[in-house]
Colleague: 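Here you go, one structure.
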Amino acid sequence: MKKILILCTGNSCRSQMAHGYFSFLGGAKLEVYSAGIETHGVNPRAIAIMKDDGVDISNHTSNNVNEYLDINFDFIITVCDHAHENCPYIPAKSAQRIHHDFYDPSKLVSEDEDQIYQAFARTRDEIKKFVKNFLKELR
């Protein structure tokens with residue numbers, strides 16, 4: 001079983017979406033964790049947009065990376081530049097480190113709910129594509 005840690009700044013949106021897809025699409029062959037260098041709570045819009053695609057992340061929690069320092073991960077994936085640049089060292093002996101900066105839809109300043117929805121959907125779809133491609137290469 002491969003252990004994956006997905007990191008973002010606040011563990012509220014992008015890392016939660018990735019966690020959801022890795023768990024949903026990867027099944028029993030993966031042990032998935034997500035964390036942030038801070039904790040901001042799980043974004044309600046991230047929960048809603050994932051639900052629209054049949055993935056329930058409503059029971060996820062926002063965790064700090066320091067909670068997982070003793071786990072020997074196979075992969076550590078950062079999903080934002082800030083976490084990639086500021087994450088503390090994680091002593092996973094053989095972890096392969098992967099970085100992909102996804103747009104943060106929670107930073108969109110707009111009063112147009114459809115525009116906000118579309119931003120979350122775009123990021124969700126990019127993350128889903130990334131996860132699917134990652135899992136194809138993992139086989």
Side-chain angles (χ1 to χ4, degrees):
M1 178 177 307
K2 300 288 184 186
K3 293 181 183 176
I4 297 176
L5 174 62
I6 304 141
L7 292 171
C8 199
T9 300
N11 192 218
S12 66
C13 187
R14 294 165 288 178
S15 56
Q16 294 290 346
M17 289 183 199
H19 185 160
Y21 279 125
F22 272 110
S23 295
F24 185 75
L25 299 171
K29 62 184 173 185
L30 299 178
E31 192 172 322
V32 184
Y33 301 80
S34 64
I37 56 176
E38 305 164 5
T39 57
H40 296 169
V42 182
N43 187 302
R45 286 187 168 119
I47 293 170
I49 203 72
M50 291 298 287
K51 185 177 181 181
D52 286 352
D53 198 33
V55 179
D56 183 8
I57 63 169
S58 63
N59 292 320
H60 284 200
T61 57
S62 184
N63 299 80
N64 188 285
V65 66
N66 292 324
E67 297 174 45
Y68 302 131
L69 295 180
D70 294 332
I71 298 174
N72 193 23
F73 292 102
D74 296 289
F75 299 96
I76 298 173
I77 303 170
T78 49
V79 294
C80 74
D81 285 343
H82 185 259
H84 180 63
E85 295 162 4
N86 296 287
C87 184
Y89 175 72
I90 300 169
K93 293 178 183 126
S94 61
Q96 182 177 351
R97 296 169 195 272
I98 299 164
H99 174 65
H100 190 290
D101 183 46
F102 293 99
Y103 172 74
D104 186 355
S106 68
K107 299 291 187 211
L108 178 65
V109 179
S110 176
E111 293 186 22
D112 182 341
E113 283 299 319
D114 186 56
Q115 188 179 20
I116 294 169
Y117 178 89
Q118 291 305 319
F120 272 83
R122 230 178 356 263
T123 298
R124 176 202 62 199
D125 294 347
E126 288 175 13
I127 291 170
K128 183 178 184 179
K129 181 179 177 182
F130 171 83
V131 170
K132 282 183 167 184
N133 288 336
F134 181 92
L135 292 174
K136 273 187 209 172
E137 291 181 25
L138 189 59
R139 290 181 194 163

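All figures in this text were calculated on a predicted structure; none of them were measured in a lab. Just the heavy atoms: all of them, side chains too, but no hydrogens, waters or symmetry mates, feed the values below.
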Colleague: Measuring from atom CZ of Arg124 to atom CD of Gln118, what distance do you get when rounded to the nearest 0.5 angstrom?
Modeller: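 With rounding to 0.5 Å, CZ (Arg124) is 9.0 Å from CD (Gln118).
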Colleague: For Ile57 versus Ala46, what's the shortest heavy-atom pair and its separation?
Modeller: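 Distance-wise, the nearest heavy atoms are CD1-O, 3.8 Å.
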Colleague: Going from CD on Glu126 to CG on Asp101, what distance comes out if it is rounded to the nearest 0.5 angstrom?
Modeller: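 Reported to 0.5 Å precision, the distance equals 10.0 Å.
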Colleague: Is any side-chain heavy atom of Gln16 less than 4.5 Å from a side-chain heavy atom of Asn43?
Modeller: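 Gln16 does not reach Asn43 side chain to side chain.
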Colleague: Over all heavy atoms of both residues, which pair between Leu25 and Lys132 is shortest? Give the atoms and the distance, please.
Modeller: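 Shortest heavy-atom separation between Leu25 and Lys132 comes out as CD1-CG, 3.8 Å.
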Colleague: Looking at every heavy atom in both Ser110 and Asp112, which two are closest together, and how far apart are they?
Modeller: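 Nearest pair, atom of Ser110 first, then Asp112: OG-N, 3.0 Å.
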Colleague: Hey, could you give me the CD1/SG distance between Ile127 and Cys13, rounded to the nearest 0.5 Å?
Modeller: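 It is 7.0 Å, given to the nearest 0.5 Å.
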Colleague: CD/Glu111 to CD1/Ile116 distance, rounded to the nearest 0.5 angstrom?
Modeller: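 Answer for the CD-CD1 pair, Glu111 versus Ile116, is 8.5 Å.
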Colleague: Could you tell me which non-hydrogen atom of Asp56 sits nearest to which non-hydrogen atom of Ser58, and how far apart they are?
Modeller: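 Taking every non-hydrogen atom into account, OD1-OG, 2.6 Å.
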Colleague: Quick one: closest heavy-atom pair of Ala18 and Val131, and the distance?
Modeller: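 Looks like O-CG2, 4.3 Å.
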Colleague: For the residue pair Ser12 and His40, what are the closest heavy atoms and their distance?
Modeller: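 Scanning both residues, the minimum pair turns out to be CB-CB, 4.0 Å.
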Colleague: Does one side chain, of Thr61 or Asn63, offer a donor that lies under 3.5 Å from an acceptor on the other?
Modeller: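 Present: a donor and an acceptor within the cut-off.
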Colleague: Would you mind reporting whether Glu113 and Arg45 have side-chain heavy atoms less than 4.5 Å apart?
Modeller: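 Yes. Closest side-chain heavy atoms under 4.5 Å.
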Colleague: If you round to the nearest 0.5 Å, how far is CG of Asn66 from OG1 of Thr39?
Modeller: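 Here the interatomic distance stands at 10.5 Å.
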Colleague: For a quick test of your reading: what N or O donor-acceptor pairs under 3.5 Å do the side chains of residues 1-10 make, sequence neighbours left out?
Modeller:
residue: Thr9; atom: OG1; partner: His82; partner atom: ND1; Å: 3.1

Colleague: Can you tell me which residue pairs pass the side-chain hydrogen bond (donor to acceptor under 3.5 Å, both in side chains) test with a partner in residues 19-34, sequence neighbours excluded?
Modeller: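 Applying side-chain hydrogen bond (donor to acceptor under 3.5 Å, both in side chains) to every pair that reaches into residues 19-34, excluding sequence neighbours, yields Asn11-Ser34, His19-Ser34, Tyr21-Asp53, Glu31-Tyr33.
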Colleague: For the residue pair His100 and Phe130, does the interplanar ring angle fall in the parallel (under 30°), tilted (30 to 60°) or perpendicular (over 60°) class?
Modeller: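 Taking Phe130 first and then His100, their aromatic rings sit tilted (interplane angle of 30° to 60°).
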Colleague: Does a side-chain heavy-atom distance below 4.5 Å link Phe22 with Leu135?
Modeller: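 Answer yes - side chains close enough.
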Colleague: For the atom pair CZ (Arg14) and OH (Tyr103), what is the distance rounded to the nearest 0.5 Å?
Modeller: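 Arg14 CZ to Tyr103 OH: 9.5 Å, rounded to 0.5 Å.
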